[in-house]
Amino acid sequence: MKKNVGDLDAYIRLTGGLTMFGVGIVKKSTPAIAFGAMKVAEGVTRFCPILYMLGLSTNDNSINLKFTKDFSEDISTD
C-alpha cells in the first residue's frame, strides 16, 4: 500500500477525525463515530482509498518552508 496522503493532510485528517469521533460519542451518533474513526485511520496509515480510486495524491513532502527574512538578526541579547 503506497502512501498517498501528505504530512499536512494527515494532520488535518487526524485532528478532524478525533474531533468528529468525540462529537459522535457525546451525541451518541454511530455514523459520526464511524466517519471520525475512518479519518483517524487514514491519517495514521497515510492512505486514503478515495484518493487512490481517483488516482490522486497529496503526498508531496518535498515542500520546504523558506523564510524571506532572517529573524535571527531581530533578536538582541542586550
Side-chain angles (χ1 to χ4, degrees):
M1 173 170 54
K2 187 177 177 185
K3 295 179 182 178
N4 64 357
V5 174
D7 291 340
L8 180 61
D9 192 6
Y11 296 140
I12 291 170
R13 288 171 192 262
L14 282 169
T15 304
L18 288 171
T19 303
M20 182 62 71
F21 189 76
V23 168
I25 290 172
V26 170
K27 302 266 187 189
K28 297 179 180 157
S29 170
T30 305
I33 293 171
F35 183 75
M38 180 181 67
K39 290 301 161 188
V40 169
E42 289 174 3
V44 170
T45 62
R46 305 271 171 112
F47 178 77
C48 176
I50 301 296
L51 288 177
Y52 177 76
M53 286 188 280
L54 295 173
L56 300 174
S57 175
T58 62
N59 191 13
D60 184 17
N61 293 329
S62 64
I63 298 171
N64 294 321
L65 295 177
K66 191 173 192 179
F67 292 106
T68 58
K69 179 174 173 34
D70 184 13
F71 291 102
S72 63
E73 297 170 358
D74 293 341
I75 301 172
S76 62
T77 57
D78 294 334

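Nothing fancy with the numbering, it's 1 onward along the sequence.
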Fill in: Side chains of Asn4 and Cys48 in contact at under 4.5 Å (non-hydrogen atoms)
yes
Item to complete: Output every pair passing side-chain hydrogen bond (donor to acceptor under 3.5 Å, both in side chains) with a member in residues 11-20, not counting sequence neighbours, ordered by first then second residue.
Response: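 Qualifying pairs, neighbours excluded: Asp9-Arg13, Arg13-Glu42.
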Discussion item. Are more than 12 heavy atoms, taken from residues, nucleotides or ligands other than Phe35, located less than 6.0 Å from that residue's CZ atom?
Written reply: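 12 or below, so no.
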Mind listing the closest non-hydrogen atom pair of [X] and [Y] along with its distance?
X	Y	answer
Lys3	Thr45	CG-O, 4.3 Å
Arg46	Ala10	NE-CB, 3.2 Å
Leu14	Val40	CD2-O, 3.7 Å

Interatomic spacing from [atom1] in [X] to [atom2] in [Y] - rounded to 0.5 Å:
X	Y	atom1	atom2	result
Leu56	Ile50	CG	CD1	11.0 Å
Phe21	Ser29	CZ	OG	11.5 Å
Tyr52	Lys2	OH	NZ	10.5 Å

Fill in: Residue pairs, two or more places apart or on separate chains, that pass salt bridge (charged side-chain N to carboxylate O under 4.0 Å, His left out) and touch residues 47-57
none
Worksheet item: Any salt bridge (charged side-chain N to carboxylate O under 4.0 Å, His left out) pairs touching residues 21-37, not counting sequence neighbours?
Response: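 Output for this query is empty, none listed.
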Worksheet item: Same cluster for Leu54 and Val5 if Ile/Leu/Val/Met/Phe/Trp/Tyr side chains link at under 4.5 Å?
Response: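 Linked within one cluster.
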